[in-house]
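Every heavy atom of this structure was used, including side-chain atoms; hydrogens, water molecules and symmetry mates were not. Numbering of ligands and ligand atoms starts at 1, following listing order.
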Amino acid sequence: MTNDLEIASVVDALRQVLPTNQGFIPLHEPQFGGNEWQYVKECLDTGWVSTAGKYVERFEQELTNYTQVKFAVAVINGTAALHICLKLIEVEPNDEVLIPALTFIATANAVIYCGAVPHFVDSEKKTLGIDPQKLNEYLHEIAEVREGHCWNKKTGRRIQAIVPMHTFGHPVDMDPLIALSQQFKIAVVEDAAESLGSYYKKRHTGHWGAVSALSFNGNKVVTTGGGGAILTNNADMAKRAKHLTTTAKTPHPWEYIHDQVGYNYRLPNLNAALGCAQLEQLPGFIKEKRALAETYRQAFESIKGIHFFTEMESVRSNYWLNVLLLDDASADQCDALLDLANRNGIMMRPAWTLMHQLPMFEQFPRMDLRVAENIAKRLVNIPSSVSISSNN
Ligand SMILES: *Cc1c(COP(=O)(O)O)cnc(C)c1O
């Protein structure tokens with residue numbers, strides 16, 4: 001293998017695609033070109049700014065319309081959504097939850113909030129998400145099904161859930177993963193925080209899990225400022241999600257009765273108003289993001305030592321954050337590339353530090369993680385805002 005990469009040619013290729021009339025180009029900036037002002041102003045004018053108000057329910061309704069998942073419960077952020085998802089499928093203290101090592105910290109934190117133990121699994125190159133085949137072999141080695149649950153033979157703990165995360169919008173290969181989860185009696189929670197607008201075999205991400213989490217943070221495909229949602233096709237789960245996220249208050253005309261320790265996680269109306277305006281533009285955003293991805297793909301086609309990451313067959317990615325992967329032989333130039341791009345006003349970021357490499361998580365169980373470790377050394381994210389494709 002030869003090291004063919006010239007990092008200057010990567011920055012040049014980016015310059016060809018990116019706007020020239022702008023200073024620093026961020027990774028992902030929100031776009032407010034629709035009814036945002038009108039809807040938010042209406043909240044202020046009418047005084048409905050908090051968790052009661054028509055926009056919260058409208059936002060939930062529009063999320064179900066768009067994703068075709070039956071129920072949506074809007075919450076304050078994606079981390080809170082994940083936390084409640086895990087509670088809903090009865091992740092108890094000391095249970096293990098399988099999560100990718102290559103993910104944003106929120107996936108692991110939500111597990112810790114439940115008093116449970118994250119157990120890190122490897123990724124595959126074609127999706128950047130959990131590798132179902134490798135996990136299959138691993139579970140056959142370490143796990144057994146007893147009394148309707150999956151047990152880790154090495155630690156004696158129950159493996160209660162698995163959280164596939166659709167990395168940068170690229171769907172995990174769900175069919176084999178679902179088969180595996182059924183065989184081993186492990187509940188599935190999709191971390192779909194990055195994949196609003198992404199489809200696996202013609203169904204929107206978030207369909208496969210018993211429950212799934214979305215995020216509307218400022219850098220996601222659509223934003224509510226901060227926000228998230230729990231998706232599920234199960235009416236009872238949806239009801240419990242709403243109850244748990246609204247302080248577990250039982251309905252009564254005036255008394256305060258709470259039947260368990262709940263959470264104050266409901267999305268405020270102000271944020272939902274912003275979300276409604278954003279969802280109206282979502283199909284257009286996805287179109288532009290996919291067009292930008294195609295422009296990037298072509299721009300990097302002839303550049304040696306690096307390639308633009310594209311979706312696998314039978315999925316449709318939202319291309320939330322675009323990805324360049326350096327060849328193995330050029331991986332040691334990753335830092336130099338990051339440095340050059342950022343100094344040239346083009347925001348470029350490496351993969352997240354892998355979860356098992358964070359000191360606070362290093363004692364937790366894990367399988368062989370060589371693919372995630374390999375990807376993390378070679379991956380950079382490049383500017384991906386909707387506004388860039390409008391520029392081309
Ligand atoms: C954004 C994100 C979340 C949720 O983050 P919030 O900022 O709490 O909305 C969860 N998981 C992943 C993988 C994410 O990228």
Side-chain angles (χ1 to χ4, degrees), residues 26-30 59 63 72-87 91 97-114 116 118 120-121 123 127-130 161-172 174 188-198 200 205-206 208-209 211-231 241 245 263-268 271-272 274-275 278-279 289 317-323 349-356 358 361 372 375-376 379 381 384-385:
L27 218 49
H28 203 284
E29 61 184 356
F59 185 54
L63 281 172
V73 177
V75 296
I76 47 170
N77 58 53
T79 313
L82 275 172
H83 180 195
I84 297 302
C85 285
L86 294 172
K87 287 254 168 211
V91 169
V97 177
L98 302 169
I99 68 168
L102 178 62
T103 188
F104 176 58
I105 190 76
T107 323
N109 280 346
V111 175
I112 305 280
Y113 298 164
C114 295
F120 304 117
V121 306
S123 297
T127 67
L128 307 175
I130 289 178
I162 181 163
V163 188
M165 191 278 282
H166 307 295
T167 318
F168 306 125
H170 295 286
V172 169
M174 291 306 289
V188 176
V189 171
E190 285 178 73
D191 182 343
E194 304 181 353
S195 65
L196 183 65
S198 297
Y200 175 78
T205 51
W208 282 265
V211 278
S212 307
L214 297 176
S215 167
F216 312 109
N217 187 29
N219 64 351
K220 295 284 161 56
V221 176
V222 298
T223 187
T224 57
I230 298 158
L231 298 179
T245 55
Y263 298 85
N264 181 15
Y265 279 178
R266 189 88 173 137
L267 186 72
N271 302 76
L274 199 56
Q278 288 268 287
L279 282 184
K289 291 179 75 63
S317 174
N318 65 6
Y319 285 92
W320 168 54
L321 283 190
N322 289 299
V323 169
R349 285 286 180 272
W352 307 284
T353 299
L354 297 171
M355 293 300 107
H356 67 292
L358 294 171
F361 294 157
I375 292 170
L379 183 148
N381 289 121
S384 303
S385 306

Considering only non-hydrogen protein atoms, determine which one is nearest to atom 13 (C) of ligand 1 and report residue, atom name and distance to 0.1 Å.
Glu194 OE2, 3.3 Å

Measure the distance from atom 6 (P) of ligand 1 to every protein heavy atom, then report the residue, atom name and distance (to 0.1 Å) of the closest one.
Gly78 N, 3.6 Å

Counting only heavy atoms, tell me which of Lys220, His83, Met165 gets closest to atom 1 (C) of ligand 1.
Lys220

Less than 3.5 Å apart, any donor N or O on the side chain of Thr127 or His170 sitting next to an acceptor on the other?
no

Polar contacts were defined as any N/O atom of the residue lying under 3.5 Å from an N/O atom of the ligand; does this apply to Trp320 and ligand 1?
no

Sub-3.5 Å N/O-N/O distance, Ser215 and ligand 1
yes

Whether Ser198 side chain and Asn318 backbone form a donor-acceptor pair below 3.5 Å:
yes

Does the Glu190 side chain pair with the main chain of Trp208, one donor and one acceptor, at a distance under 3.5 Å?
yes

Counting distance only, does the side-chain N/O of Ser212 pair as donor-acceptor with the main-chain N or O of Ala192 below 3.5 Å?
no

Identify the closest protein heavy atom to atom 8 (O) of ligand 1: which residue and atom is it, and at what distance?
Thr79 OG1, 2.5 Å

Scan side-chain atoms only and decide if His166 and Tyr200 contain a donor-acceptor pair under the 3.5 Å cut-off.
no

Any idea which protein heavy atom is nearest atom 11 (N) of ligand 1, and the distance to it?
Asp191 OD2, 2.8 Å

Parallel, tilted or perpendicular: ring planes of His356 versus Phe120, cut at 30 and 60 degrees:
tilted

Among all protein heavy atoms, pick out the one at the shortest distance from atom 3 (C) of ligand 1; state its residue, atom name and that distance to 0.1 Å.
Ala193 CB, 3.5 Å

